[in-house]
Structure formats: C-alpha cells, structure tokens
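Comments concern the structure below.
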Amino acid sequence: MLLRMSTLFVRTLREDPADAEIPSHRLLVRAGYIRRAASGGYTWLPLGYRVFRNVERIVREEMDRMGAQEVHFPSLLPREPYETSGRWSDYGDNLFRLKDRRGVDHLLAPTHEEMFTLLVKDLYSSYKDLPLWIYQIQTKFRDEARPRAGLLRLREFVMKDSYSFDISDAGLDASYAAHRAAYIATFDRLGLDYVIVSAMSGAMGGSRSEEFLHPNEVGEDSFVRSAGEYAANVEAVRTPVPDPVPYDDAPPAHVEDTPETPTIDTLVALANERFSRGDRPWSAGDTLKNVLVMLAHPDGTREPLAIGLPGDREVDAKRLQAQVDPATVQPFTEADFTANPALVKGYIGPAALGEKSPSGIRYLVDPRVVEGTRWLTGANETGRHVFDLVCGRDFTPDGTIEAAEIKSGDQAPDGSGPLELARGIEIGHIFQLGRKYAEALDLQVLDENGKLVTVTMGSYGIGVSRAVAAIAESTHDQAGLCWPRGVAPADIHVVAATGKDPAVFEVAQRLAQELVDGGLAVLYDDRRKISPGVKFTDAELIGVPTIVTVGRGLAQGVVEVRDRRSDQRTDVPVVGAAASIHQAIPG
RNA sequence: CGGGGUGUGGCGCAGCUUGGUAGCGCACUCGCUUUGGGAGCGAGGGGCCGCAGGUUCAAAUCCUGUCACCCCGACCA
C-alpha cells in the first residue's frame, strides 16, 4: 500500500484546535486523523481510519482466535425487547429513542444484550449447542450528557461486544476466563498498558466483573492499587475491618457543652481548647460524623438513611450509590429534617439513629467503626456533644456500609500494602451477567435430562474507537503521535527531503515502491515545493514508527533511517536499502 | 441538570468598552526566488461576524430571546 502525501486527503494544522484539551484529541485533529462532525461524533479521515481498522483487526483476530464467532446486528432496533428486559426505561436519558413514520418506538442500541439473547433463543434449544460465544463490532449510540475529550467519550462510537451462553455457572466461569485471556492478548498486541480492576456488578451483586483500565490521568475512572496485586475500582474497594478493641478501661460516656460547633472543624477546635487530653490532641478522626441521605427506591418509596463515619472522611457519592443500587441517593432536605424532629442538625448522634431508636432511621456505619472504638459525636441537642461513646457498649448500629471515601495510603483489603489512587481509561469490561436477560427474555434450553434450564450469560466489551484514543494518549510525545507498530497508519514514512532535486525524488520513489513490493504500507512524502522542514515536522506529527529520509545523504550513497520514538538515526546504503529496512522492522 | 466560558473565512485569533459597512497570522491560488528543520517578495480568492427579534440614519459592536459548542461537577457499559 502506497500513500502519497501529495494526494492524501489530509491537512495538518500548525496550531492546536481551540476545543481540544487532552493530547490524543489535540494531536489526532492536528495530524489530520479525525474531524469533529457533531458533539460526540467524529469523522475518520484516511490516516485515522487506517489506525481504527488496525485496532479493529487486532480485536477481531483475537476474538476469532479464542473461538468466538462474528455476527452483525442492526443498530436501529424496536422497542419491544428492551421493554421486556426493562431497559427501555431503566437505561434512562442515555438511550436514544426515536419514532418511525407510523409513530412506532425504536431505539439506537447502546449495547445488544437483548438482541443476542433473542437470537440464540431463536436458533438454539439444546445444551448440546452450548457453550456459544458470539460477538460483533458495532456502532453504539448513547446520549451521553457530556461527550468529552475527542474520542474518549462519544455519543456514537464503535465497540466490540461479545456474549457467552452457558448452561452452568462453571461454564460461565470458563467463558469468562477465556474472554479475560483474549483481552489480555488483545491489549498486549495493541501495545496498551492496563490494570485489571474488580468492578461493582450493580444491583444483582455477586456476579463477577472486571474492568481493563489504561492508567492515564485523563481517564474518567478512579481506581486504587497497592504495591502488590490488589487493584480495584473505587466503588468496589472493601475496607479492611479492624479487630474489636477492648473497652473495659474506657470511661463512661459523658455529654459536654460544645456551643457553636455544627461542623467537624469547629468541634475539633473547641475540644482541643476546652477538653484537651494528655496524650494527644483531638483530631477529626476521633469524631463520628453522621450523615443523612434520602434513598429513592424504584417502587417510588423514600427511605431516610444515616451513615456514620470517622469525621476525617467524606461520604463518596459513587461508593454510596453503588451500595444502595437500585435505589438512588438524594439529598436530605430541610423538609426532611422538619419531618424528623429527633434529628438536631449539626449535632446528630447515634442515640437518635437506628431502626430501634425514636427516629427509626436505619443507621449504617463505616466498617472502621467496630466494637470498642470510642467516639466524640453529636448528643442530639444543639451545642452539645458526647465524649467516649463506645461502639457496642453505648450504641449499636444496624450494620456497616462501604460509603466512605478512599484515601491514598489506606490499606489494601488483601494486606498488600497502602493503596494509591489513580485514574484510568476504561478500555475493556468483562462481566458475568448471569441469568438476568435469559430470564427476562425466556432463553431456556433442554439439559441432558430433558429438563428446561435457563441459560447463563456473560457480556464483554472493548471500546475500539476509545482504544485508538488511549493508544495515542499513551504513546505521543512533544512532537506528535508515535504509533506502535501494528496500529500505525503505515509501516514506513519515506521523506523526500527536498523540494526540487529530481534525483532525490527518483530514489525516494523507487525505495518507497520497493518497500511496498515487500509487503509494507508506505507513506511517501512526494510533495514538491514543500520545504524539508515542513516534511519533517509533518512526519513527526503523523507518527509513523519508522521515518526514512532521502536527501543530502545521497551524495554519500546513503539514506537515513530514523526510529520515531527513540529518534535513533542510522545511515544505510541506498543500494539494498529496501531489504535492510524491511529486515530491521520487527514483525 | 448545576457552575464557568466561547461563537468573527478551513485553523488560531484581534475588533465589541466608546455603533460608521471587517482585520491579522497560518492554510489556499498565481508568479519569481528559495529547498535538511514549519522560507522570502509580489499579486489574489474566500466571511449574510451562530440564529431571531429590537433600538438606531447606521449594529460584529448596544438590548432581548434563542441555539450550538467547550471546560468543571452530577450522570454514564
């Protein structure tokens, strides 16, 4: 394949586009790979589409290699299956809904669980047909509230989604493991770093779910990892539970006047001023903060919930939400306080909380609040707090909840050391769906005893367009893009480093053609009247892994071969140059 | 949905405060020169100033409304 710069449909930009902030977005636009066509929608230009197709090809090859079979669904789908599964409404505003000319509802598919399930139901009815792994590489539509960062979050994007169908839980485990291995192989080939983090699996719980995150500060997913093996989505982090503390020697709880202390900060300051203790000053971690929220359940009922946590931590809204799903968390309003007179805002203490308390409000505490721990907390009277309130002696919560924020330095639950917080781009997600869709859509097969059993499923996604952005994000440098071999738009970029000398063009042209004949994809800068400087900067911006410069070296009978990433340069003789260049390229 | 910001040629921007019929750099076209690190000179083409109302003799500029886009947050396989 020979691409000539003189005719290639591309225009490189000298300046960064104003709306691009992150490197992949900036450089993909500047180098002429993509153009914005809509909010959350990008056009692939020839260079970009070549990269896209390379990524797609690698994903496809690894899916085929594991034994999955490719199918292809429409994106425009009827409402009915999604109505049956509940997702027509559950998916919320992110679902693109539309009507046809007869007023019939349709949607643009955000994922295809329903259709895959129905397809299998349509064709298969025996355990002998399973396991089955099928996948597609498809355009997906999601009406994202806020598309952002170029290709990172789109409203129309390409995803590889595959689905496994098994008769048993053990079979699902095996299908899941097979996908996990295929994903590892895929991302390794793409040259993308990743961490595999355990993820929350939503309302059903219990099922296994892991995300492949490419660690990068522009990513939208927060995760934690330890120096050891441990890595997890922030929502999925379990707090190590401390051992109970003996409290025989603990003084009895005592209520003190603490005027004007509605916040943790003011309380700690006052405690140190008036109630200083010998061994160490009071700190936020000595206090027990009680936060109220209102849960809205899917059936429309509302339930107040009190969360007790050490005063040096905030409630993490995402972690809390993940814990209470499918209910949603709403703020506790002034009206709610009025409706619960037992709650004294700013001075709420355990005595007023709990299902057996006067308020009847369910009271869940952070796992660190174990038996024997003693706390400085609200006394349920304005301007008063209680000291030395011992958990298990003076109050008993209704249970624990993982809602406190994770802090860098917290211990990993598996004992592998302190956690570090990081950001990542979600490039893959594997998920044991279980029987949710099979039950909703009635996918059953006969087992070996002739009995109907419900099939268990897994779903597995790779964001193809997002992977392009992630690769650009992780490989670029100051001068431009810097593609790994395998996804680059070409193998070799041949630069005729002059605007006029016909001999240079002749040699460059011949060399480019020889490389093409050898099976390589070559981008050849054959532009006349373009100064060498421009060609060099363009080559660096475009980021083909090997740049061959034909120019003044010709006088000595050599051309320069340069590695884009390391900038290492070698002169090779013109005679036999194609062969030696080809040989030097791995793969 | 909350907060912030921006809409002027393909791209990046100035002009707006203080109304007078649109400008700069890059890119593009033509000519001459130049040719190993975003060349020089000269001559050109291209913009109903996001849209709709209003004020005014006159609106890119002032007023009202509206739309779009970007960033932060909320939300989100």
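Nearer to the 5' terminus of RNA chain B, by closest-nucleotide assignment, is the contact made by A:Asp16 (compared with the other of A:Gly150 and A:Asp16). Each of A:Gly463 and A:Arg146 was assigned the nucleotide of RNA chain B with the nearest heavy atom; the assignment lying further toward the 5' end belongs to A:Arg146.
Listed nucleotides B:A77, B:C72, B:C76 differ in distance to A:Arg148; the shortest reach to its side chain belongs to B:C72. Side-chain proximity of A:Ala18 to the nucleotides B:A77, B:C72, B:G12 is greatest for B:G12. For A:Arg153, whose side chain is taken as the heavy atoms from C-beta onward, the closest listed nucleotide among B:C72, B:C76, B:A77 is B:C76. Picking from B:G73, B:C70, B:C76 the nucleotide with the shortest atom distance to the side chain of A:Asn94 gives B:C76.
With A:Tyr135 as reference, A:Met63 is the one residue of A:Gln69, A:Met63, A:His179 to meet the side chain to side chain contact (heavy atoms under 4.5 Å, CB included) rule. Residue A:Phe212 is tested with A:Phe431, A:Tyr183, A:Tyr460 for a ring-ring contact (aromatic ring centres under 6.0 Å, His included); the sole match is A:Tyr183. Each of A:Thr475, A:Thr546, A:Asp477 was checked for a side-chain hydrogen bond (donor to acceptor under 3.5 Å, both in side chains) with A:Arg564, and the lone residue meeting it is A:Asp477.
Remark: A:Arg466 fails to qualify as a cation-pi partner of A:Phe157 under the 6.0 Å distance and 45° angle criteria applied to the six-membered ring.
One distance of note links CD of A:Glu473 with CD1 of A:Ile22; it measures 4.5 Å at 0.5 Å rounding.
To the nearest whole angstrom, the two C1' atoms, one in B:U21 and one in B:A58, are 9 Å apart. Atom C1' of B:G2 sits at a distance of 24 Å from the matching atom of B:U64, rounded to the whole Å. Straight-line distance between the C1' atoms of B:G65 and B:A27: roughly 37 Å, to the nearest whole Å.
Using a 4.0 Å heavy-atom cutoff across all strands shown, A:Ala149 reaches sugar-phosphate atoms only and no base atom. At a threshold of 4.0 angstrom between heavy atoms, the contacts of A:Glu21 are confined to the sugar-phosphate backbone, with no base atom among them. Counting non-hydrogen atoms under 4.0 angstrom, A:Arg36 reaches the backbone sugars and phosphates but no base.
Taking the side chain as every heavy atom from C-beta outward, A:Arg97 and A:Trp88 approach each other to under 4.5 Å.
Pair assignment for B:A59: none, as no Watson-Crick or G-U wobble contacts are both less than 3.5 Å.
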**Asked** Nucleotide by nucleotide, 5' to 3', does protein get under 4.0 Å of the base (B), only the sugar-phosphate (S), or neither (-) in nucleotides 26-39 of chain B, counting heavy atoms?
**Response** SS-------BBBBS
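Side chain of A:Glu405 to main chain of A:Glu314: a donor-acceptor pair is present (N/O by atom type, distance under 3.5 Å, no hydrogens or angles).
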